[in-house]
Structures are given as C-alpha cells and as structure tokens.
Chemist: 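Let me begin by handing over the structure; questions about it come next.
Worth saying up front: this structure is predicted, and the values here are computed from it rather than measured. Note that ligands are numbered from 1 as they come in the structure, with each ligand's atoms numbered from 1 the same way.
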Amino acid sequence: MSIKQNISTVIELLPKHVTLVAVSKTKPIELLEEAYNEGVRVFGENKVQELCHKQEILSKDIQWHMIGHLQTNKVKYIAPFVSLIHSVDSIKLLQTINKEALKNDRVIDVLLQMHIAEEDTKFGMSIFEVEDMLNSQIFLKLQNVRIVGLMGMATNTDSDIDIKNEFISLRRFFETLQRTFFKEKGYFNTLSMGMSSDYQLAIECGSTMVRIGSTLFGKRSN
Ligand SMILES: *Cc1c(COP(=O)(O)O)cnc(C)c1O
C-alpha cells in the first residue's frame, strides 16, 4: 500500500470532528512530503532534535505537534513554532513552557498527558495530580500556556474491553474538567487518544484527535 492510499483509507474512517496527527517520527523527509502532498498538515514527532530539523526543512504551513516526553531544558528549541504539546506531565514543565512562550511572545497550547494504562512505564499524571495543579497558585499565574485538553495512551493489549475502559475513564475525566475547571472555556475541547492499533476504539469512546504513525508510514524499525 502507498502512503497516499493509507492516508485516504484512514481519513475516510475519521468523523469530521476528529483531527488526524500524522506521526512521522523516525521517517525520512520524503515520506512527510508525500503525506503533505496528500493534504496532511498536522505532523507529530517525539524527539525535539528531529522535530526542529524537519520543521526547518518542510513547508511553513505545517502544524507541528510534540507528542513525546519533553525535558524542560529542551523546551526552548520548539517554543518558537510548536503548535501543540501533547505531553505535559508536571507543573514544572508547564512553567518552563510558559517562560519560553513568553520569550517568543506567544501562547502555547498544551494537553495534559494522563496516565491511564496498566503499564507503569508510560508517562502521565494522575487525576489527583491534575486537580492539584489546576488548584495551585502557580498555575493561576501562567499567562502564556493554554491547556486545551487531555492526552492518554491505552495499555498495549489485545483486549478491546480493557482498552475501551481506559479510554472511557479518560473521557469521563475530560468531561468533568469541562464542567468544572474549564467551565465556559470553549478552548478546552481536545481529547487526544488513539494510535494505529486502537484509534477506531478511541473514536467510539469520544476521541477528538488521533495520533497515527505506522498505519500511514509503515512499521518503524525502532
Ligand atoms: C509513536 C506514537 C504514536 C503512533 O504510534 P503508531 O502505533 O505508529 O500509530 C502515537 N502517540 C505517541 C505518543 C507515540 O509516541
């Protein structure tokens, strides 16, 4: 299958309200260009250096999403251009993003990454940590970051039921925040869940943004 066919197959399966993030990590520039020529404008990368390199080379109308774990000392490299950071998992990281956004005279949109999977290797915050952060004095002072939603990764398992339960619990928390902390804040509208193996389940469970790599670009070697 060609990238062109892969993209049209996936796009046909996505409801209008679901945004496709084409996860291009480890893939060469030419493949991103192919996807771009098929109309893809949102790309996701998980390494700062690779993200910056590709952003420099490729068309300036691309929206670049940082989807991987982000170290505070690397925020400065992506702050000038990144359009959404999916992986905020601490107030310290949020403060750094705020500081670098201010230097660039912009407001950076972010998602809070929630820990929903069984595996303890996956990054992310607990419900308690998120509530604590949103209630903190530090958070109130951050003017150059905007939390626009949540991101989560389900357990890597063959059990659709387990995956669905994790996605549904994430959606419930998302809706709780919409009714409470983000009441009348229409920008809090993004629920990033679903990858190649589980994006259709994620959409059934209320996802508004899917991060799809191997289904579009082929398997990665690492
Ligand atoms: C790699 C990655 C994806 C995409 O994974 P595929 O299985 O290739 O679709 C999605 N989200 C995150 C956070 C990733 O690191």
Side-chain angles (χ1 to χ4, degrees), residues 1-3 5-14 18-28 31-32 34-35 38 40-55 62-71 74-75 78 82-90 93 97 109-125 148-160 162-164 166-167 170-171 174 190-222:
M1 282 269 268
S2 67
I3 288 185
Q5 283 169 318
N6 296 344
I7 289 171
S8 59
T9 306
V10 167
I11 285 176
E12 270 169 40
L13 291 168
L14 298 186
V18 177
T19 302
L20 170 65
V21 180
V23 176
S24 49
K25 62 192 187 194
T26 78
K27 297 298 177 184
L31 294 197
L32 280 75
E34 258 189 74
E38 295 310 311
V40 173
R41 291 293 179 274
V42 185
F43 289 87
E45 290 282 339
N46 70 340
K47 297 232 159 63
V48 166
Q49 204 179 4
E50 189 176 347
L51 176 57
C52 293
H53 174 68
K54 287 172 172 171
Q55 189 270 339
I62 290 173
Q63 295 169 38
W64 293 99
H65 289 198
M66 176 61 189
I67 62 170
H69 184 65
L70 182 56
Q71 289 171 279
K74 296 202 172 150
V75 173
I78 63 172
V82 72
S83 95
L84 182 63
I85 299 172
H86 290 233
S87 45
V88 171
D89 59 0
S90 70
L93 179 57
I97 296 168
D109 283 348
V110 306
L111 304 174
L112 301 180
Q113 181 171 355
M114 302 292 299
H115 181 96
I116 57 170
E118 290 290 333
E119 298 109 304
D120 35 74
T121 50
K122 296 215 167 116
F123 294 103
M125 308 178 79
V148 300
L150 303 178
M151 184 273 248
M153 273 193 274
T155 302
N156 187 5
T157 164
D158 289 332
S159 164
D160 283 5
D162 289 349
I163 294 171
K164 271 190 162 182
E166 291 173 3
F167 283 151
L170 182 58
R171 193 201 55 213
F174 174 68
T190 304
L191 187 53
S192 168
M193 56 185 200
M195 340 204 315
S196 289
S197 59
D198 57 19
Y199 72 94
Q200 299 187 60
L201 289 175
I203 290 167
E204 285 174 42
C205 298
S207 171
T208 71
M209 185 174 274
V210 290
R211 310 175 310 271
I212 302 183
S214 45
T215 294
L216 301 181
F217 297 110
K219 287 226 169 352
R220 289 175 301 273
S221 42
N222 50 352

Chemist: Can you name the closest pair of heavy atoms from Lys27 and Gly218 and give their distance?
Modeler: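 Closest approach of Lys27 to Gly218: NZ-O, 3.3 Å.
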Chemist: Applying side-chain hydrogen bond (donor to acceptor under 3.5 Å, both in side chains), can you list everything that pairs with Thr215, at least two apart in sequence or on another chain?
Modeler: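 In terms of side-chain hydrogen bond (donor to acceptor under 3.5 Å, both in side chains), with neighbours along the sequence ignored, Thr215 is linked to Ser196.
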Chemist: Which atoms form the tightest heavy-atom contact between Phe167 and Leu201, and what is the distance?
Modeler: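 Nearest pair, atom of Phe167 first, then Leu201: CD1-C, 4.2 Å.
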Chemist: Check side-chain contact (heavy atoms from CB on, under 4.5 Å) between Thr157 and all other residues, then give those that pass, not counting sequence neighbours.
Modeler: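 If we apply the side-chain contact (heavy atoms from CB on, under 4.5 Å) test to Thr157, skipping adjacent residues, the hits are Thr155, Ser159, Asp162, Ile163.
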Chemist: Which one of Val23, Ile67, Leu70 satisfies the side-chain contact (heavy atoms from CB on, under 4.5 Å) criterion with Asn46?
Modeler: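 The option that passes is Ile67.
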Chemist: Could you tell me which residues satisfy side-chain hydrogen bond (donor to acceptor under 3.5 Å, both in side chains) with Glu45, sequence neighbours excluded, listed by chain and number?
Modeler: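 With neighbours one apart ignored, the set is Ser24, Lys54.
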Chemist: Might you list the protein residues in contact with ligand 1, defined as having a heavy atom under 4.0 Å from one of its atoms, sorted by chain and number?
Modeler: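 Lining ligand 1 at under 4.0 Å, by heavy atoms, one finds Val23, Lys25, Ile67, Met153, Met195, Ser196, Arg211, Ile212, Gly213, Ser214, Arg220.
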